A.B. asks: 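Handing you a structure now.
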Amino acid sequence: MKDFELMLAPMESHTGPEFRELCYKKGADSTFTEMARISGLAKRNKSTLEKIKIPKPIPTYIQLIGSDITDLNKFLQNFLPQKGFLGFNLNLGCSSPNMVQVGLGCALIKRISKVKKIIQTIQDYSHPASIKLRLGMNKFEKQKKVYLNLINEVDADFFIVHARDGKQTLKDPADFSVYNEIVKTNKIIIANGDIRTKEQVQYLNAIGIKGAMIGRAALKNPDIFNNLKQNGLFVKA
Ligand SMILES: Cc1cc2nc3c(=O)[nH]c(=O)nc-3n(C[C@H](O)[C@H](O)[C@H](O)COP(=O)(O)O)c2cc1C
């Protein structure tokens with residue numbers, strides 16, 4: 001990982017191999033697949049397996065959603081990394097009702113022992129394992145700082161913090177104020193949510209954040225990565 005990493009966010013129906021390659025060519029340091037259900041991968045479901053393919057050696061994390069350890073083992077026993085594969089990322093951010101109702105996505109943020117088990121299982125196969133999380137399932141969990149408990153207690157390789165709770169829509173502003181306390185965990189933290197400008201990236205770097213993950217702004221303009229890097233990421237243009 002670079003001193004400060006610029007990542008393309010996983011976005012279902014958008015971040016397939018072509019868009020990941022485009023953003024990599026335009027300066028993204030790493031990219032993420034769309035989320036793939038662990039249960040589908042265990043069953044060797046064709047369309048789910050398609051989602052985790054890395055056809056060209058573009059630096060890519062594979063994002064997983066699920067919690068069943070038996071299924072996870074079934075999948076990992078047969079998994080052969082392709083060139084470009086950087087590790088797995090566990091989705092603890094998805095807030096869509098069909099995931100939350102079955103205890104997945106952001107419903108897992110407070111289930112620390114379960115998350116530990118998932119991350120440990122991936123690491124037991126010698127693959128890096130990171131987490132992408134929201135601040136909680138709702139504002140009450142956010143107030144209780146469930147995200148801090150999780151980050152403190154789980155030994156993931158890094159944590160991408162999407163600074164919203166699970167009830168907020170992407171139209172609600174991301175809450176940058178949480179990062180100051182999160183960096184005190186001394187874990188590797190990547191910020192996500194509403195990041196568009198060099199000033200934001202410089203602020204995040206100054207407080208100890210190790211990277212920025214960019215989603216919708218890259219859909220609008222994939223040049224954003226190179227634009228942010230122009231004249232040096234941390235030299236004011
Ligand atoms: C169309 C769309 C699809 C998304 N799919 C995923 C996904 O598969 N996995 C995930 O972790 N986040 C997903 N997200 C959330 C983004 O990764 C990101 O957290 C969110 O857009 C906030 O970042 P931004 O403000 O830079 O867009 C999706 C977002 C959008 C807009």
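This one's a predicted model, so the numbers in the text were calculated from it and none came from an experiment. In each ligand, atom 1 is the first atom listed, and ligand 1 is the first ligand listed.
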A.B. asks: Which residue holds the protein heavy atom closest to atom 8 (O) of ligand 1, what is that atom called, and what is the gap in Å?
C.D. replies: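 Among all protein heavy atoms, the one nearest atom 8 (O) of ligand 1 is Met35 N, 3.3 Å.
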A.B. asks: What protein heavy atom lies closest to atom 31 (C) of ligand 1? Include the residue and the distance to one decimal.
C.D. replies: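 So the nearest neighbour among protein heavy atoms is Leu170 CD1, 3.6 Å.
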A.B. asks: I'd like to know whether Phe19 forms a ring pair (Phe, Tyr, Trp, His ring centres under 6.0 Å) with His14, so could you lay out the CA-CA distance, the side-chain angles of the two residues, the decisive distance to 0.1 Å, and finally the verdict.
C.D. replies: CA-CA 7 Å; Phe19 192 69; His14 295 279; 7.6 Å; no
A.B. asks: For ligand 1, note which part of Leu219 has a heavy atom under 4.0 Å away: side chain, backbone, both or neither.
C.D. replies: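 The answer is neither; Leu219 stays 4.0 Å or more away.
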A.B. asks: Less than 3.5 Å between some nitrogen or oxygen of Asn91 and one of ligand 1, yes or no?
C.D. replies: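 Yes - when backbone and side-chain N and O of Asn91 are compared with those of ligand 1, one distance drops under 3.5 Å.
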A.B. asks: Could you tell me the residue and atom name of the protein heavy atom closest to atom 7 (C) of ligand 1, and the distance to it rounded to 0.1 Å?
C.D. replies: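 Nearest neighbour among protein heavy atoms for atom 7 (C) of ligand 1, to 0.1 Å: Pro10 O, 3.6 Å.
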A.B. asks: Provide, to 0.1 Å, the distance between atom 9 (N) of ligand 1 and the closest protein heavy atom, together with that atom's residue and name.
C.D. replies: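 Among all protein heavy atoms, the one nearest atom 9 (N) of ligand 1 is Gln63 OE1, 2.8 Å.
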A.B. asks: Considering only heavy atoms of His162, which atoms of ligand 1 have at least one such atom less than 4.0 Å away?
C.D. replies: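 Contacts of ligand 1 toward His162, numbered from 1: 19 (O), 20 (C), 22 (C).
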A.B. asks: Tell me if the NZ atom of Lys83 is crowded by more than 12 foreign heavy atoms within 6.0 Å.
C.D. replies: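 12 or below, so no.
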A.B. asks: Do the side-chain N and O atoms of Ser130 and Asn89 include a donor-acceptor pair separated by under 3.5 angstrom?
C.D. replies: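 Judged by distance alone, the side chains do pair up.
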A.B. asks: Record the part of Arg216 in heavy-atom contact with ligand 1 below 4.0 Å; permitted values are side chain, backbone, both and neither.
C.D. replies: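 The part of Arg216 near ligand 1 is both the backbone and the side chain.
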A.B. asks: For Phe176, what residues pass the ring-ring contact (aromatic ring centres under 6.0 Å, His included) criterion, not counting sequence neighbours?
C.D. replies: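 Listed in chain order: Tyr179.
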A.B. asks: Side chains of Gln168 and Asn138: any donor to acceptor distance under 3.5 Å?
C.D. replies: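 Judged by distance alone, the side chains do not pair up.
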A.B. asks: When you look for heavy atoms under 4.0 Å from ligand 1, do you find them on the side chain of Asp194, its backbone, both, or neither?
C.D. replies: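 Answer for Asp194: both.
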A.B. asks: Touching ligand 1 at all, Gly93? Heavy atoms, strictly under 4.0 Å?
C.D. replies: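 Checking ligand 1 against Gly93, which is what was asked, there is no heavy-atom contact under 4.0 Å.
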A.B. asks: Which residue and non-hydrogen atom of the protein lie closest to atom 5 (N) of ligand 1, and at what distance in Å?
C.D. replies: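 The closest heavy atom on the protein side is Glu12 N, 2.9 Å.
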A.B. asks: Mark up the atoms of ligand 1 that fall under 4.0 Å of a heavy atom belonging to Ala9, in ascending order.
C.D. replies: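 What qualifies from ligand 1 is 17 (O).
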A.B. asks: With atoms numbered from 1 as shown, which atoms in ligand 1 lie under 4.0 angstrom from a non-hydrogen atom of Gly193?
C.D. replies: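 Numbered from 1, ligand 1 contributes 23 (O), 25 (O).
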A.B. asks: State, without any angle test, whether Glu34 and Ser13 hold a side-chain donor-acceptor pair at a distance under 3.5 Å.
C.D. replies: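 On atom types as modelled, these side chains do not qualify, holding no pair under 3.5 Å.
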A.B. asks: Can you check whether Leu90 reaches Leu92 side chain to side chain, under 4.5 Å on heavy atoms?
C.D. replies: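 Yes; the side chains approach each other to less than 4.5 Å.
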A.B. asks: Which residues satisfy the ring-ring contact (aromatic ring centres under 6.0 Å, His included) test with Phe158, sequence neighbours excluded?
C.D. replies: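 Phe158: ring-ring contact (aromatic ring centres under 6.0 Å, His included) contacts with Tyr61.
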A.B. asks: How far is atom 30 (C) of ligand 1 from the closest protein heavy atom, and which atom is that?
C.D. replies: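 Of the protein heavy atoms, Met11 CG, 3.8 Å lies nearest.
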A.B. asks: Can you tell me which residue among Leu41, Leu86, Ile52 is in a side-chain contact (heavy atoms from CB on, under 4.5 Å) with Ile62?
C.D. replies: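 The option that passes is Ile52.
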A.B. asks: So for ligand 1, is Gly215 a polar contact partner (N or O within less than 3.5 Å, distance only)?
C.D. replies: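 Gly215 vs ligand 1: N/O contact under 3.5 Å present.
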A.B. asks: How about Asn221 and Asn227: do any of their side-chain heavy atoms sit closer than 4.5 Å?
C.D. replies: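 Side chain of Asn221 against side chain of Asn227, heavy atoms only: contact under 4.5 Å found.
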A.B. asks: Among all protein heavy atoms, pick the one closest to atom 1 (C) of ligand 1 and tell me residue, atom and distance.
C.D. replies: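 Among all protein heavy atoms, the one nearest atom 1 (C) of ligand 1 is His14 CD2, 3.6 Å.
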A.B. asks: To check your reading of the model: name the closest protein heavy atom to atom 12 (N) of ligand 1, its residue, and the distance in Å.
C.D. replies: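 The protein heavy atom lying closest is Lys132 NZ, 3.1 Å.
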A.B. asks: Can you confirm whether the side chains of Gln120 and Asp124 place a donor and an acceptor under 3.5 Å from each other?
C.D. replies: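 Looking only at side-chain atoms, Asp124 and Gln120 do form a donor-acceptor pair, the distance falling under 3.5 Å.
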